[in-house]
Asks: 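Quick one: the structure is below, questions incoming.
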Amino acid sequence: MKLTKAQYDEIAQFLGHVQPTRQSLRKLKERFPSQSQSTLLSIFSQEYQKQIKRTHAKHHTAEAVETYYQRYLNGVMKNAAAPVLLELANEVDFAPSLMARIVLERFLQEKEQAIPSKTLINSMLRDPSQIPDGVLANQVYQCTVNDCCYGPLVDCIKHAIGHEHEVLLREMLLEKNLSFIAEDQLRAKGYDKTPDFILEVPVAVEGHIIHWIESKASFGDESSHQAYLQDQFWSYWNRFGPGLVIYWYGFIEELDCHRERGILLKDCFPTDIVTLRHSMAQR
Amino acid sequence: MAAVLELLLREEVAVAAVVRWLLHGPGHRPAEENHIHEKLVSLSLLQKDFVPFLLNFLREQTSQILTNGPSTPAKTPNSKAHGSQRTGSERRAGHATSSRVQLFSQRTSVTTCTTDTSFSPAVASSSSSSFSGSSLSSPCGDFPSMVSSSSPSFGYSPLLNHGEKRSSQKASLGSFLTAMPEALPARRGRRKGSGSVSASGRPVARDLGHCLTEEEDGKSDSASWSGGRRKWSEVPPVSARSPPSQLNLNNLEEFPPMGAASGWTNKSKPSRRINPTPVSAERPLSKPKMCFTSTPVSQSPAARFSSGTSLEAFTAVQEGNLTSMISNSLQEEREMLKKERCKLQHQASSPAGISLDPGTPTKPSYTRSASLPPESHLVTCADLTKVSCKKQLECLAQLYSSCIAENLVPNIFLELFFVLQLLTSKGTSTAEDGDSDLEINERTKDASGKQHFRSVHNCVYFAVQVLDYQYEIISRLEKGLLKLLAENERIASFSPSLHRRLRQAYESSTAKVSLLLPCSVQSVSFQPETDNRSNFPSDRAFHIFKKQRDIFYELLREWEDNHEKTGWDFERVLGNKIRAMMAHLSATCNHSHFARLFQKQLIQMCKGPVGGGASSGDTPDQDVLNMLGSDNLSRLKRLQERFIVPQSIRGPCPPPSFPGCQQFFRDFILSAGSYQFNQHLMDSLCLKILELNGLTLVEHEHSDGEADMDEQDEKKRFTVVLLSLRLLAKFLGFLVFLPYRTVEQPTRDLQDSAVALRNQTLPVLDVLKLLRQSIQDHRSILTIPWIVEYLSLVDHIAPFLDYYRKIFCLLLQVYRLMVLSEDKEMSFLNKLLILAVLGWLFQVPSVPEELFFTTDVRQEGLMMDTVTSAQALDSVPLVDQQLLYTCCPYLGELRKLLASFVAGSGAKNGGFIRKITPTAAESLAPKASVTQRKLQVELEQAFFHNQPPSLRRTVEFVAERVGSNCVKHIKATLVAELVQRAEVMLQDKVKEEDANHDKLLEEVCAHLYEEGAQALIKGREFCKKKGPEAVRVLLPEETSAAVLSSAEDIAVDLATEKACGWLSANIAALIKREVKATFNRMLKVPGLALPSEDALELRRDCPAGCQHCAPFPSQIINEIKDVLCIAVGPRDEGEVIDYIWLECLLGRLSETLRCRKFMCPTSEQQLAKCTVELASLLVSDRVPLRLRVESPEKTSERLRVKNNPTCALLKLLLSVWKEDFGTPVPVQLIFSKKNIGYLAEVKQREWDLFLFMLHGLVEHELMRSSEIESCLRSLEELPWPSDFLKELEVLSRVFTSEHRVAEPRTNPCELTRQSLGTVAAQS
């Protein structure tokens, strides 16, 4: 679904300081009933991430960490069953999963008398059962489950969505009889940058030649698109020529401005495909 | 010098004799042997100087008439504007600057990295200066312009000394004169002023003396000749040239009539602010000059000023000259200036004053008062009847043409340009009655000093004569030029026969040239063989190069977007980024990789004609293209060309430049300033040049005449290779000479030491060897054009190095020998290309001026094998007009000159102004298929982009061979058959009537042509059959099916296109030829494959008949996450989970897990984990289920109802775990401290559910009972509340005992209730 910049801005504005909980999501859906749920979620997630990036540092100062930890301790002392961490995160406008991480890190540091490794933390966040403290384990789990923008569960969902759309795209390519080389094959050949699919025989989409297709199971907003252009799309162009990006959850219309240059945006699998001499008789 | 001309003009010596004299160097053989005219024998030492003298003579002579060149004339004309008002010395200086400026609008000042490659501002300024005469507004007006334009100039004065030249300034053609074999001292001479010994003067004089004594008792000399001779011999050897005062006074060209005062005003641009003040005074100090053409001093001044317009002017001139003789200061010049200004103001007050013409009659009254009719501003109608001194003009034309034909002039196109300027010269109508002057002229004794070109009529007459002589060359030029010439009414009226021939040439010409081929920017594709990790020493190097590649394209894109914007500066914007990039490359020694990328991208973007005019502005808008389709595309292109290709005339010898995208690459190199990079790039360029230069481009013997298909292919290939070579060579030259580049010509001393130093170094690429080799192998048509590009970028010193001197010498030799004619050795256009590029090279600013005329062309090294092998490229007609003009876009100046004449000639020639007919809407609708076709072509190009280059080569090779074979096949079968039938038919008919054979032949052939159409069908079949076979055999076995089939298709199509294209164009001719041949003999002797199914990708096994319409894993995870959320809390008031919904979710989970299509390991693992969590929460009654059947009855009843559904859910989960998961489910997580903790938190513990779960696990073989037991045991060791611990222990015991004895047959639910009872009882 393509959104105009104005439409997008309206949504983004609404998202201002909304907490990343299912309750917020519900409100968002009520507010913008015409937009698809996944699009809204994707925009929400991206906007929230932007906000977190802005404020990330202030939650990581030594003082902040200490404050949060003490508040957590006090909280669970009073009532271990209460959603202490979650509420704390919401109160200070921080992602619950990230709050859980801060507190867990602090907790382990105190327990082990050493800064715990990232791997350990990640593993504990993924499986809170490994957390030695039962109460903290519960609190952390509550945070990760309730967070709809961060956390291992969300990461996994995003990954799954990405994968599924790649599969979908692959299916569509097969259905259209377009032969391609997939990313893993390309990697095996030693390509340094690899789009999802390189068409072995290029096609023309809406009159533009494309050599590769990248599937993005997210909404294409300005900042993410810029980042993708920089890290991926131009790099693909530099190596393989023009290509197509499918933002399955839509994008801001105005971003589709590099068509002439060789980067085409779509929010679905294109229908107007011309293949190389499908019928020789015409020539 | 003048003597020779004198002899000629007086018809004492024939033109042929002079030419012979010119062609045979001195001292080769006795004169008689070469049949050199005796009168010329004595002058043999002057041979070398004669051609430049002649050229300058012509320019001097015509200088006045060419006041109005086309709007921005490239060379000669403008300067005449001042010239006509000034004394010879000044004029010469003026020429020296302005004309040279026009020729080479500006020296490439490469050191300052300007983004302006075309130097148009310089062009503009220089041309405007010639209009405005700004150089005249100050007494030393020449200086500023000379300094500002460090470019060389093309002089006019035959004996121009370097007096006023700055070292930075390039000497002129005229200065070649002074530059004798040991000519370099000429530069010193300049400082010494007029009386100084001209370096060249000495030997001339000395040798002259010899000659003269020998000839002392010769026969009668003509008066003028003897006069001239005497004068020469009288002159002491030290100052061979007579002092200026003696000479200039007598010379009409040196001393043009003052009435020409306003020659510049004839310009079509009326609004010039600055009115130049002509100064007529000698400046002996600053500008010594001597002129062999000058008439003796003794002549009456009246004669000299016969054509002067005003008495004032006359006296002024006279005074000026006299004073200059006495005083050497500039003071009098200033005085002169004042006077002239004053006069001008006078004149300006009357309208007539500004429209005076060089040829204005003497009568002052006329010039003063006549108000001219408006037509006078129009072009003079050249009239054949008004031509004077025809004989002499014819003579000169013949001589001049011979010089051109014998390659004695440094640049034939420069001369042609000059001739066209004469043809298009615009005198005003007032010039028409110049008879009185002519009469006076006739009286002039010195024929060579006479003004032969004083009227437009004479100029046009001369020009038409020369064009007639040069018809051969002209007729080979592009069609547009021919059209303009054919339409030129001056030619039509002066020489109907030439007009007719031009018309014919135009009509039969196929030489349409387009200089604008849109090319789109493409990237260099990533090729694993050269680009993957194994090509790099370390991961880091690989990774860094990955980044550098992206940065490079980023820079390129930025440049593309912005470089045309005003104020955008390459160095300022990109400089630091580029240097940062270089630093990274240095750190990882990746230069070679980058150099390769750079070089490939360079070729990709710039191999097009206009340097790859792919700057965004040049590429036509895609939508427009789509709309128009490819038919109209060419029209659009032409239209666009008119708008885009600069119409301004830059002259036929622009300095080397980096047009279009080349600019980016040049500026990149400059900004990078990286020694390593440059070195690697040079290596890369050299390698590629050697590779391309060595390519075998012609593989078979050529048939005579008729262009075969293979020849067309070869031509195409040759073009591509040649253009690439030229591009690469230009950049190589740029890099090689970059370190030595100076803005100004270095001083002599510096030069000597630099030469001494640099003579010790070896060249990066042995160009000399390659050149020699190419000449030997008859491949110079490929090699010389790129060597010229390479050499065009030489610095000022390089040409003086021994090595490069040899190269230039050799090139000069080639040039001289390459007399234009069609012969076996080399085709006409091949020669023309070589001549054009060499001619251009000789005019390049940094190529020393004395080179052309002074280099002794020894017959060294020009050893050509007479055996012409198949390799002998030179003999193959490879060059066509398109290639010629692509390589030498400046040839287009000829056409522009004519076009601007047409445009400027106004209503009188109204018919000539062609309107641009819109190509509009005629057929936009049915063009869909055209668009499609265009898209197909693009797709085809795109297809090859990411494939290894060998694929393309293979396909093209196959296409070429199959196409060619196809034609051969058709010839052998169909045509042969037709010919047989024709034979039969002819035999019958010949017997019948002995009538007209030709007609008979026509008739029979006409019959066969229809059947000839069969050829196309058969050809198509042939290609379709053979193409795929060949492709399949030649491509690697591993090529994927899709690629293979596309390659086959393309090969088939290309082959078909080639074969059918050729057949449809030539089948008739072929049949005719064959039939004719047979007939003659008779008379003499009475008697794709379909795209194959792509191998379906192997899938993990979905159940048979799976429609893959299960919910996505992500969806299920998300939904389970929501359940977990509610279960874990916090919940909203009254938030529950619908039981049915949850049950359904688990059902969908099962479906999702069964369809493997969209599943990935992470999703599956997450699902496993989540469901275990869900089970734990269910077991501990944390999930607020809402049941549909709400029965608020007894507690026991509620309990039962409540238990059942949870059990059902758990059962579902158990079966999903067992049946549907592909990965192991971490069921042991149920026993984690956290999950058991949920149970511990519950007030009323539901141990029955837990026990049910445990049994289920065992039953479904998800865990063994022993495992569970050990889990339970380890749980007991954790610090639980005491009551919970107690219950746990009981549970553990119950489980253990039950599983030791329990029959698996027992209904688990009942069992649960049993055990529940036990637990409850025991706690």
Side-chain angles (χ1 to χ4, degrees), chain A residues 22-23 81 83 86-87 127-129 131 134 137-138 141-142 145-146 153 156-161 163-164 167-168 170-171 174 177-179 181 189-193 198 200-204 207-211 234-235 237-242 259-261 274-278 280 282-283, chain B residues 522-523 525-526 528 531-534 542 546 549-550 553-554 557 622 626 929 932-933 935-936 938-940 942-943 945-946 1040-1043 1046 1049 1052-1053 1088 1091 1094 1096-1097 1112-1114 1117-1118 1121-1122 1124-1125 1128-1130 1132 1157-1158 1160 1162-1163 1166 1169 1229 1232-1235 1237 1241:
Chain A
R22 63 204 154 88
Q23 286 84 358
L86 185 63
E87 276 168 3
D127 178 13
S129 304
I131 297 173
N138 281 337
Y141 190 64
Q142 190 171 41
V145 164
N146 273 290
L153 216 66
C156 177
I157 292 171
K158 282 183 185 165
H159 180 270
I161 291 176
H163 175 78
E164 286 152 16
V167 175
L168 271 177
R170 176 192 301 264
E171 285 305 299
L174 288 171
N177 233 332
L178 304 176
S179 77
I181 316 174
K189 286 192 191 175
Y191 283 80
D192 56 357
K193 289 260 187 172
I198 286 185
E200 278 192 305
V201 181
V203 297
H208 298 271
I209 303 255
I210 58 161
H211 283 279
W234 286 131
S235 295
W237 186 96
N238 298 342
R239 288 158 180 77
F240 314 110
R259 288 190 159 217
E260 297 311 318
R261 265 267 169 86
V274 177
T275 53
L276 182 53
R277 58 194 86 237
H278 41 79
M280 273 187 40
Q282 282 179 7
R283 287 187 54 146
Chain B
Q522 275 196 328
S523 60
S525 83
F526 182 97
D531 297 345
N532 74 10
R533 167 67 184 85
S534 56
F542 179 56
K546 176 173 85 179
R549 180 195 281 261
D550 289 332
Y553 284 108
E554 198 184 309
R557 274 188 289 269
Q622 191 65 35
N626 289 341
S929 66
Q932 293 294 311
R933 228 181 300 152
L935 203 55
Q936 287 296 328
E938 284 175 30
L939 276 170
E940 194 178 294
F943 169 66
H945 182 255
N946 289 330
S1040 91
V1043 172
S1046 289
D1049 286 355
V1052 168
D1053 270 23
L1088 224 137
D1094 190 45
L1096 286 178
E1097 205 221 338
F1112 287 158
S1114 61
I1117 302 174
N1118 209 10
K1121 175 174 172 280
D1122 282 346
L1124 293 174
C1125 246
V1128 168
D1132 292 347
K1157 185 151 204 148
F1158 297 97
C1160 68
T1162 30
S1163 306
Q1166 190 62 248
K1169 218 191 277 179
L1229 278 179
S1232 76
K1233 190 178 167 195
K1234 176 176 82 76
N1235 289 345
E1241 278 166 32

Asks: Sort out for me which of C156(A), G134(A), A137(A) touches chain B most, counting heavy-atom pairs under 4.5 Å.
Replies: C156(A)
Asks: Apply salt bridge (Lys or Arg N to Asp or Glu O under 4.0 Å) to E164(A) and K1157(B), showing your working.
Replies: CA-CA 8 Å; E164(A) 286 152 16; K1157(B) 185 151 204 148; over 6 Å; no
Asks: Do you know the tightest heavy-atom contact between V201(A) and S1046(B)?
Replies: CG2-OG, 3.0 Å
Asks: Any non-hydrogen side-chain atom of S235(A) less than 4.5 Å from a side-chain atom of K546(B)?
Replies: no
Asks: For a 4.5 angstrom cut-off between non-hydrogen side-chain atoms, does V167(A) reach C1160(B)?
Replies: no
Asks: Measure the shortest side-chain to side-chain distance between F1112(B) and I161(A) over non-hydrogen atoms and say whether it is less than 4.5 angstrom.
Replies: no
Asks: Counting N and O atoms only, with roles assigned by atom type, does the side chain of Q936(B) sit under 3.5 Å from a partner on the main chain of T275(A), one being a donor and the other an acceptor?
Replies: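 Confirmed, Q936(B) side chain pairs with T275(A) backbone.
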Asks: So, taking the atom named CZ in R549(B) and the one named CG in D192(A), what distance separates them when rounded to the nearest 0.5 Å?
Replies: 6.0 Å
Asks: Does N946(B) offer a backbone N or O that forms a donor-acceptor pair with the side chain of H211(A) under 3.5 Å?
Replies: no
Asks: Can you confirm if the aromatic rings of Y553(B) and W237(A) lie within a centre distance of less than 6.0 Å?
Replies: yes
Asks: Only pairs of heavy atoms separated by less than 4.5 Å count here; which of V1128(B), D550(B), T1162(B) has the most with chain A?
Replies: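 Option with the greatest count: D550(B).
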Asks: Counting only heavy atoms closer than 4.5 Å, note whether K1121(B) contacts chain A via side chain, backbone, both or neither.
Replies: both
